[in-house]
Amino acid sequence: MRVQLLPSTFDAQGVANLEQRLTCFLIDDRVAVDAGSIAIASNNEQRIKVRDIIVTHPHMDHIASLPIYIDDLYPSLQEPMRIYATPEVIDLLERDVFNWNVYPRFSELTNNYGPVMEYIPIPIGKPFPVAHLTVCAVPVNHIVPTVGLVVSDGQKSVAFSSDTAETDEFWTIVNQMKDLDALLIETSFPNRMAKLAHVSRHFTPATLGQELKKLTHNGMDIMAVHLKPSYRDEIIEQLNALNIPKLSVMEPGRVYEW
Ligand SMILES: [Zn+2]
Ligand SMILES: [Zn+2]
């Protein structure tokens with residue numbers, strides 16, 4: 001399975017910046033987990049292929065360019081863009097984003113080929129298909145309804161925490177996956193901002209270190225994501241000090257293969 005965290009911004013030479021402002025993971029250039037930077041950083045081949053997008057929660061950094069992505073592709077979509085989310089999140093997207101004020105309600109619109117956007121409500125705790133993948137979603141502990149995901153292609157499995165603070169259900173399904181290859185987990189704030197991390201329901205390196213003790217099996221790659229750009233260096237230093245084997249920071253733009 002190939003997983004790429006799309007970059008959020010590029011420098012003047014077109015080189016991807018390492019700071020992650022927006023969240024969008026592409027799996028096998030075909031399925032997106034969140035869509036923060038999808039319209040900004042996807043290449044032509046990816047734009048042709050990605051028609052399945054899982055939205056973990058409706059925060060702006062996870063959906064910022066989703067409306068633009070659909071808008072850009074509008075005339076050429078020969079099948080609808082499929083948006084997978086829990087019913088609660090679908091309601092929020094329809095109410096707050098695709099509401100005719102912020103942007104058109106694409107779910108009611110068609111082009112020459114038919115509907116351009118379709119919502120697929122996802123179940124909790126029960127595997128469902130997304131393109132060539134099988135996905136299981138569980139609620140995590142964030143300030144809006146949010147799910148973490150375990151994604152499998154039949155050979156390899158990768159878990160995505162999405163945005164969360166301390167949680168248990170996610171670890172239950174992660175611990176059930178005996179052959180998990182990678183865990184992508186958020187670490188938003190440095191330790192000195194524990195209070196803000198707590199109220200906004202995010203991890204610091206210290207709380208992440210505690211949380212990882214809930215993992216009952218080891219050996220998978222653990223990739224920290226969602227580091228707030230202003231504190232990136234400080235968070236990395238504190239993550240390194242945890243001395244957790246196979247823990248590293250995921251680089252935007254780089255393709256990881258498991
Ligand atoms: Zn969030
Ligand atoms: Zn976020």
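- Shown are Q46, E257, E251; of these, the side-chain hydrogen bond (donor to acceptor under 3.5 Å, both in side chains) with Q4 is made only by Q46.
- A distance of 6.5 Å separates OG of S8 from CZ of R21, quoted to the nearest 0.5 Å.
- Under the 4.5 Å side-chain criterion, counting only non-hydrogen atoms from C-beta, V55 is in contact with D34.
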Does the side-chain contact (heavy atoms from CB on, under 4.5 Å) test come out yes or no for F160 and V147, once each step is laid out?
CA-CA 9 Å; F160 299 78; V147 289; over 6 Å; no
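- A distance-only check finds a donor-acceptor pair linking the side chain of S65 to the backbone of A35 [under 3.5 Å].
- Hydrophobic clustering, with ILVMFWY side chains joined whenever heavy atoms are under 4.5 angstrom apart, groups L184 together with I54.
- Closest heavy-atom contact between A197 and T204: CB-CG2, 3.6 Å.
- Of the listed residues (H59, E186, R201), just one forms a side-chain hydrogen bond (donor to acceptor under 3.5 Å, both in side chains) with H142, and that residue is H59.
- Tracing side-chain contacts under 4.5 Å through hydrophobic residues (I, L, V, M, F, W, Y), one never reaches I40 starting from L5; they form parts of separate clusters.
- Within the 4.5 Å cutoff, the side chain of I83 has heavy atoms near those of the L66 side chain.
- Across every non-hydrogen atom of P190 and Q238, the tightest pair is CA-OE1, 3.4 Å.
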Side chain to side chain donor-acceptor pair (under 3.5 Å) between N111 and Y74, worked out:
CA-CA 7 Å; N111 64 10; Y74 193 101; over 6 Å; no
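- Under the salt bridge (Lys or Arg N to Asp or Glu O under 4.0 Å) criterion, the residue pairs touching residues 159-170 are D168-K214, with sequence neighbours excluded.
- Heavy atoms only, all atoms of each residue included: T23 and Q20 are closest at OG1-NE2, 3.0 Å.
- At a threshold of 4.5 Å between side-chain heavy atoms, the hydrophobic network of Ile, Leu, Val, Met, Phe, Trp and Tyr places L242 and M220 in one connected group.
- Expressed to the nearest 0.5 Å, how far CE of M81 lies from CZ of F106 amounts to 9.5 Å.
- In the hydrophobic cluster analysis, where Ile, Leu, Val, Met, Phe, Trp and Tyr join through side-chain heavy atoms closer than 4.5 angstrom, I236 is grouped together with I222.
- In this structure the side chain of Y103 reaches within 4.5 angstrom of the side chain of I68, judged on heavy atoms.
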Run the side-chain contact (heavy atoms from CB on, under 4.5 Å) test on E234 and R192 for me, step by step, so that the C-alpha distance in whole Å, both residues' side-chain angles and the decisive distance to 0.1 Å come before the verdict.
CA-CA 10 Å; E234 190 179 354; R192 67 185 160 89; 2.8 Å; yes
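- Expressed to the nearest 0.5 Å, how far CE of M250 lies from OG1 of T187 amounts to 13.0 Å.
- A donor-acceptor pair under 3.5 Å is formed between the side chain of D181 and the backbone N or O of S157.
- Dense packing is recorded around CD of E19, with more than 12 heavy atoms of other residues, nucleotides or ligands lying under 6.0 Å away.
- Residues E211 and T167 are in side-chain contact: their nearest non-hydrogen atoms beyond the backbone lie under 4.5 Å apart.
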Please tabulate, one pair per line, all N/O donor-acceptor pairs under 3.5 Å involving side-chain atoms of residues 121-137, not counting sequence neighbours.
residue, atom, partner, partner atom, Å
H132, ND1, R30, NH1, 3.4
H132, NE2, D28, OD2, 2.6

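- The shortest distance between side-chain heavy atoms of L239 and L247 falls below 4.5 Å.
- In the hydrophobic cluster analysis, where Ile, Leu, Val, Met, Phe, Trp and Tyr join through side-chain heavy atoms closer than 4.5 angstrom, V89 is grouped apart from V138.
- Using a distance-only test at 3.5 Å, with no hydrogens or angles considered, no donor-acceptor pair links the side chain of H57 to the main chain of I143.
- Across all their heavy atoms, F170 and A159 have their closest contact at CZ-CB, 4.0 Å.
- When all heavy atoms are compared, the tightest approach of S200 to F189 is OG-CE1, 3.6 Å.
- Other residues, nucleotides and ligands contribute more than 12 heavy atoms inside 6.0 Å of the CD atom of E118.
- Of the inter-residue distances, the one linking M1 atom CE with I27 atom CD1 reads 6.0 Å to the nearest 0.5 angstrom.
- Panel note: side chain H217, backbone D179; no donor-acceptor pair is recorded below 3.5 Å.
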Can you check side-chain contact (heavy atoms from CB on, under 4.5 Å) on Q176 and V150, steps first, answer last?
CA-CA 11 Å; Q176 281 165 3; V150 176; over 6 Å; no
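- Interatomic distance, I70 CD1 to S107 OG, rounded to the nearest 0.5 Å: 9.0 Å.
- Looking at heavy atoms from C-beta onward, I185 lies in side-chain contact with F203 at the 4.5 angstrom threshold.
- Within the structure, salt bridge (Lys or Arg N to Asp or Glu O under 4.0 Å) pairs that include any residue of residues 62-81 comprise R47-D72, E79-R82 (at least two apart or interchain).
- Between H226 and H62, the closest heavy-atom pair is NE2-NE2, 3.5 Å.
- Contact check for L77 versus Y113: no side-chain heavy atoms found under the 4.5 Å cut-off.
- With a 4.5 Å cut-off on side-chain heavy atoms, S42 and V50 do not count as touching.
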Please step through side-chain contact (heavy atoms from CB on, under 4.5 Å) for the pair W258 and D221, ending with a clear verdict.
CA-CA 9 Å; W258 285 289; D221 290 318; 2.7 Å; yes
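- Here the OG1 atom belonging to T146 is positioned 9.0 Å from the CG atom belonging to N141, to the nearest 0.5 angstrom.
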